[in-house]
Amino acid sequence: MKNISIILINYNTAKFTLDCISSIFEKTAKSIVFEIIVVDNNSEDEDFEILCEGLKKRPEVVLHSSPINTGFGGGNMLGVHHAKGQYLLFINNDVILKNDVLSVAYNFMESHTNVGVCTAQNFDEHNTFVASFDHDKGLRKLIFGRSFLETVNPAKYPKRKKQHQTPQDVNFVNGAFMFFRKDYFLEVEGFDPNIFLYFEEMDICYRIRKNGYKCVLLPQAEIIHFQGASTGKSKALEKEGFISYLYVLKKNYSTLKYTAIVLYLTLTFLIKPKKWDLLPIAIKGGDLASSLKNKQIKRNPVR
């Protein structure tokens, strides 16, 4: 059996995918047994050809092509279907390993059976430290902010902008690097494929914690994450993120808490003209009918 199944999604960023894979082979100790599964999420033909050509040098890497862009959760769940490892690592393709993070994560999880998922410490493309976890985006955080929560309850809300030296229990880990115990991942039914993009980590970590397992930052494991390179930025993506956020809140929070958050956001947006385009989404309550998922085109024939 493989120790670790590493799953990457490629979407029109083949160069990043190939560089990520190279760093995994370069930095990982020979004692770690792993497999790499790449899911191409219906990239353009040119990018797919670059990916296939590059992977000819890596015959041990398995490539699966989706006929339609199923988003982050859907693409990763396609990879899970083929995974043989006892651990699952979901890693953004715009990530480069700084050290032997697989050994750090594997050894930690082997000795901490109460942990469901862990993440590595992130650095940006300039090798600058960046936050690698977050606190649940509930009403207290919206009203009082992260700094307040971190000050009044540091045990529950460790400082995000501090370079920690020891493992930290957190609300949810960074989605660029999520190392799961496979049994626990399947126990909470994995990623929700209804979410096309964003807030998947908040959703699944909420369910992991609800089942009694911990989410942990491992500072000794270090990665470089080219922030946003795998998705880019646009108004459409901002709207998609807000749809996903409201969906996750509605799914996991009580009706009273969800309603209070939506009311607070609506009132806040009214005095912020730059946020007016999000008001219809707030009023509809994160209706998934407006998701980019419903605008994807199926490729025919399948490659």
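Index from 1, following the sequence. Quantities reported herein were computed from a predicted structural model and do not represent experimental measurements.
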**Request:** Measure up the H64 and H82 rings against each other and bin them: parallel (under 30°), tilted (30 to 60°), perpendicular (over 60°).
**Result:**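 Aromatic pair H64/H82 classed parallel.
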**Prompt:** What is the ring orientation for F108 with H112, classed by angle as parallel under 30°, tilted 30 to 60°, or perpendicular over 60°?
**Reply:**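 Taking H112 first and then F108, their aromatic rings lie parallel (interplane angle under 30°).
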Pairs meeting criterion salt bridge (charged side-chain N to carboxylate O under 4.0 Å, His left out) with involvement of [range], two or more places apart:
{"range": "residues 120-140", "value": "D134-K137, D134-K141, D134-R146, D134-R160, D136-R209"}
{"range": "residues 174-191", "value": "none"}
{"range": "residues 273-285", "value": "K235-D277, E238-K275"}

**Prompt:** When you check the gap from the basic side-chain N to the acidic O, do D192 and R207 get nearer than 4.0 Å?
**Reply:**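 Salt bridge between D192 and R207, a charged N being under 4.0 Å from a carboxylate O: no.
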**Request:** Measure centre to centre between the rings of F16 and Y11, then say whether the value is under 6.0 Å.
**Result:**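 Ring centres of Y11 and F16 not closer than 6.0 Å.
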**Output field: ring centroids Y245/F199 closer than 6.0 Å** =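 Distance test on ring centres: under 6.0 Å, yes.
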**Request:** Would you check if there is a donor-acceptor pair between the side chains of H135 and E150 at a distance under 3.5 Å?
**Result:**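 Distance-only check passes for E150 and H135.
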**Message:** Hydrogens and angles aside, do N41 and T70 bring a side-chain donor and acceptor to less than 3.5 Å of each other?
**Reply:**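 Looking only at side-chain atoms, T70 and N41 do form a donor-acceptor pair, the distance falling under 3.5 Å.
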**Item:** Test applied, ring pair (Phe, Tyr, Trp, His ring centres under 6.0 Å); reference residue, Y87; option that passes from F179, F185, F180
**Value:**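 By the ring pair (Phe, Tyr, Trp, His ring centres under 6.0 Å) criterion, Y87 pairs with just one of F179, F185, F180: F179.
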Answer yes or no: is there a donor N or O on one side and an acceptor on the other, between the side chain of [X] and the main chain of [Y], under 3.5 Å?
{"X": "S66", "Y": "N42", "answer": "no"}
{"X": "D287", "Y": "A289", "answer": "yes"}
{"X": "S23", "Y": "L97", "answer": "yes"}

**Item:** Residue that, paired with S132, satisfies side-chain hydrogen bond (donor to acceptor under 3.5 Å, both in side chains) out of Q168, H225, Q121, H164
**Value:**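 Passing option: Q121.
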**Asked** With the 4.5 Å side-chain cut-off for hydrophobic clustering, are V62 and F48 part of the same group?
**Response**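 Different hydrophobic clusters.
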**Prompt:** From L63 CG over to K56 NZ, what is the distance, rounded to the nearest 0.5 angstrom?
**Reply:**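 It comes to 12.5 Å.
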